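Data block below; observations after.
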Number of protein chains: 4
Amino acid sequence: MQIRIVAGSNAALYKQIADQISRSIAAGELQVGQMLPSVRQLARELVINPNTVAKAYADLVQAGIVETQAAKGFFVSKRRQVYTKTERLRRLDESIQSLINQSLTLGFSADEVLDRVRELFGKVLRSLPDS
Amino acid sequence: MQIRIVAGSNAALYKQIADQISRSIAAGELQVGQMLPSVRQLARELVINPNTVAKAYADLVQAGIVETQAAKGFFVSKRRQVYTKTERLRRLDESIQSLINQSLTLGFSADEVLDRVRELFGKVLRSLPDS
Amino acid sequence: MQIRIVAGSNAALYKQIADQISRSIAAGELQVGQMLPSVRQLARELVINPNTVAKAYADLVQAGIVETQAAKGFFVSKRRQVYTKTERLRRLDESIQSLINQSLTLGFSADEVLDRVRELFGKVLRSLPDS
Amino acid sequence: MQIRIVAGSNAALYKQIADQISRSIAAGELQVGQMLPSVRQLARELVINPNTVAKAYADLVQAGIVETQAAKGFFVSKRRQVYTKTERLRRLDESIQSLINQSLTLGFSADEVLDRVRELFGKVLRSLPDS
DNA sequence: GTGGTCTAGACCACC
DNA sequence: GTGGTCTAGACCACA
């Protein structure tokens, strides 16, 4: 698995890491039960502080995507539903609202945004054979 | 012009203000050349810190959406598009990618997300006085 | 609200803080919408590092008990169900299993443990008038 | 004596081992004076690091549950209770408090928790060969 | 070696 | 002033 981080991005480093691992898992690139790179190792590779990697991993644990075995490492967990329907929708809506605000500010129409979302989503899904 | 700010939102106050003014202009509610409410007046209305309004206006100026005339106030600018087409798209894509990441993590399908974006977008547009 | 931390405890500092705030909220000592002590202030009071307080608060946010408003503070949120029934039970069972292991190691019988759980739970509930 | 360790458990391996030996003794499966499997043998059986088994045995010795006879091995001790009554209760209460905290955070009632403790405790006891 | 916790101190965005 | 992020470095429990 190859993780690339962009220093000058708006996105926090730990979020970039979490997102990419999340995708790798969805893509089946990381199998259930497989161990993630250790916190220290990934930190060395990316030349960032181990705490930053640890925070990314902690987020993935919270989302129920990976599990931790103390003194052993982090492992891809069996996918399970953690949040209630309401909570999932609440979180989705939050993200969508933020996109809508940005779209309006940038002067895009609903149709333009929808087309672009469809396009990018499709592109991502095609890169994730197993989902 | 009616500006509504939501305290409990994840969006920054100054961004909410800038977004809504931007929208009002796009909707034709605020005409080219028209003067915006003064920083102090708007701050009083919204019961927030004047610095926050000033920051919003500064951003709109920076975006070329409004112009400032020293000691007179802020006015809707004639020229709108400051961002190049590619720059606008880059920013939009950034927001969309963030939504896609969140959707994948929460386990929503592309169709579910698209439907919800359409729905919320419609709701927001209907809530704008005339567009 | 008065928070006391025990340095020599097995429980992590941040967990002690999270637990006590969680209880204060359940007790109605902290009302919905009320602001928690700021990270820095509480850290000063307890003479610990702000990061430790921040971690405690982050956990409470994750549990859906408090919300954060950037640059404003942390606030008691309206209680909502975040986790699925299955997930809640999974987490409860984990805690119970750990208690059972400890009980067996210490040589307590099921009845002794049950009585003690009942007793301590009652004591806690009596200290939480609003729940 | 059959020892089962669960890799994906949150309990430390050495604690699982110590707990199960402790249980077997309480259940009479291991008689006073009987010799425990050697550190190396048990480690081979469980396919884990001998250090982990050694740590478990050391804890049992420390607890007064087993005794070591130099160059011979580990034996079930005659005297069991090393912890004073108050010390045992203090440790039990600590575990119970932790369960109560988790229960309150998850929003379970005392009755729900008690029922579940009773159920899981029964299940564990039934899984012990003779008790 | 692994993760878990805590400290100290920095810089940023926002109000 | 507030929280959010990141770094650096320490010590611990565990395998």
Side-chain angles (χ1 to χ4, degrees), chain A residues 5 7 9-17 35-43 46-59 61 66-75, chain B residues 5 7 9-17 43 46-56 58-59, chain C residues 5 7 9-17 35-43 46-59 61 66-75, chain D residues 5 7 9-17 43 46-56 58-59:
Chain A
I5 55 176
S9 167
N10 296 331
L13 286 183
Y14 80 90
K15 219 169 273 288
Q16 293 183 45
I17 296 169
M35 183 179 167
L36 299 184
S38 88
V39 168
R40 288 169 172 88
Q41 186 200 328
L42 185 52
L46 301 177
V47 195
I48 61 176
N49 192 286
N51 288 335
T52 305
V53 177
K55 183 161 189 192
Y57 282 14
D59 273 21
V61 169
V66 314
E67 285 169 355
T68 170
Q69 289 178 30
K72 290 205 180 150
F74 289 86
F75 300 82
Chain B
I5 55 175
S9 166
N10 50 347
L13 281 187
Y14 86 93
K15 263 187 188 131
Q16 292 185 45
I17 297 169
L46 302 175
V47 196
I48 60 176
N49 193 311
N51 290 335
T52 307
V53 177
K55 178 85 191 280
D59 270 28
Chain C
I5 55 177
S9 166
N10 296 332
L13 285 184
Y14 81 89
K15 221 170 272 287
Q16 293 183 45
I17 295 170
M35 183 178 167
L36 299 184
S38 88
V39 167
R40 288 170 171 89
Q41 186 200 329
L42 185 52
L46 301 177
V47 196
I48 61 176
N49 192 288
N51 289 335
T52 305
V53 176
K55 183 161 188 193
Y57 281 15
D59 274 20
V61 169
V66 313
E67 285 169 354
T68 170
Q69 290 176 29
K72 290 206 180 150
F74 289 86
F75 301 81
Chain D
I5 56 176
S9 166
N10 50 345
L13 282 186
Y14 86 94
K15 264 189 186 129
Q16 291 185 46
I17 297 168
L46 301 177
V47 195
I48 60 177
N49 195 310
N51 291 335
T52 306
V53 177
K55 177 85 190 280
D59 270 26

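Letters A, B, ... mirror the listed sequences (proteins, then strands); counts begin at 1. What you see is a predicted model, and the numbers here were worked out from it, not measured in a lab.
- Comparing E:dC14, F:dG3, F:dC14 against the side chain of D:Y14 picks out F:dC14 as the nearest.
- Scanning all heavy atoms of the two residues, the minimum distance from D:P50 to D:A43 falls at CA-CB, 3.6 Å.
- Residues C:P37 and C:Y57 are in side-chain contact: their nearest non-hydrogen atoms beyond the backbone lie under 4.5 Å apart.
- Proximity note for D:K55 (side chain, C-beta onward) versus F:dA15, F:dC14, F:dC6: the nearest is F:dC14.
- Look at CD on A:E67: it is 17 Å from C1' on E:dT2, rounded to the nearest Å.
- Atom OH of A:Y57 and atom P of E:dG4 are 12 Å apart (whole Å).
- Between C:A11 and A:M35, the residue whose closest nucleotide on DNA chain E is further toward the 5' end is A:M35.
- F:dT2 atom C1' lies 13 Å from atom CG of C:L36, rounded to whole Å.
- Legend: residues meeting side chain to side chain contact (heavy atoms under 4.5 Å, CB included) with D:K15, ordered by chain and number and at least two apart, are D:A12.
- In this structure, the separation between CD1 on A:I5 and CD1 on A:I48 is 4.5 Å, given to the nearest 0.5 Å.
- To the nearest angstrom, P of E:dC15 lies 12 Å from CZ of C:F75.
- In this structure, CG in C:N49 is found 11.0 Å from CZ in C:R40, a value given to the nearest 0.5 Å.
- Remark: C:M35 CE to C:F74 CZ distance equals 9.0 Å, nearest 0.5 Å.
- C:I17 CD1 to C:K55 NZ: the interatomic distance, rounded to the nearest 0.5 Å, is 11.5 Å.
- Look at CG on A:L13: it is 12 Å from C1' on F:dG4, rounded to the nearest Å.
- Side chain of A:F74, nearest nucleotide from E:dC6, E:dG4, E:dC15: E:dG4.
- Among the heavy atoms of the strands lying under 4.0 Å from A:I48 are primed sugar atoms or P, OP1, OP2 only; no base atom is included.
- Map C:S38 and A:K15 each onto its nearest nucleotide of DNA chain F; the residue landing nearer the 5' end is C:S38.
- With hydrogens and angles disregarded, a donor-acceptor distance shorter than 3.5 Å links the side chain of C:Q16 to the backbone of C:A11.
- In this structure, B:Y14 and B:T52 approach most closely via the heavy-atom pair CB-O, 3.5 Å.
- Rounded to whole Å, atom C1' of E:dC15 lies 13 Å from atom CD of B:Q16.
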N/O contacts under 3.5 Å, protein versus nucleotides 9-12 of chain E?
| from | atom 1 | to | atom 2 | distance (Å) |
| --- | --- | --- | --- | --- |
| E:dG9 | O6 | C:N51 | ND2 | 3.2 |

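- From one end of the helix from E:dG1-F:dC14 to E:dC14-F:dG1 to the other, with five pairs defining each end axis, the axis direction shifts by 10° (rounded to 10°).
- Where A:A70 and C:A71 meet DNA chain F, the nucleotide closest to each residue was compared, and C:A71 sits on the side nearer the 5' end.
- Closest to the side chain of C:T52, from the set E:dT7, F:dT7, F:dT2, is E:dT7.
- Rounded to the nearest 0.5 Å, atoms CG (A:L13) and CG (A:N51) are 12.5 Å apart.
- The side chain of B:A12 sits closest to E:dC14 out of E:dC14, E:dG3, F:dG3.
- The distance from atom CG of A:L42 to atom P of E:dG1 is 17 Å, rounded to the nearest whole Å.
- The nearest whole Å value for the distance from the NZ atom in A:K72 to the P atom in F:dA13 is 19 Å.
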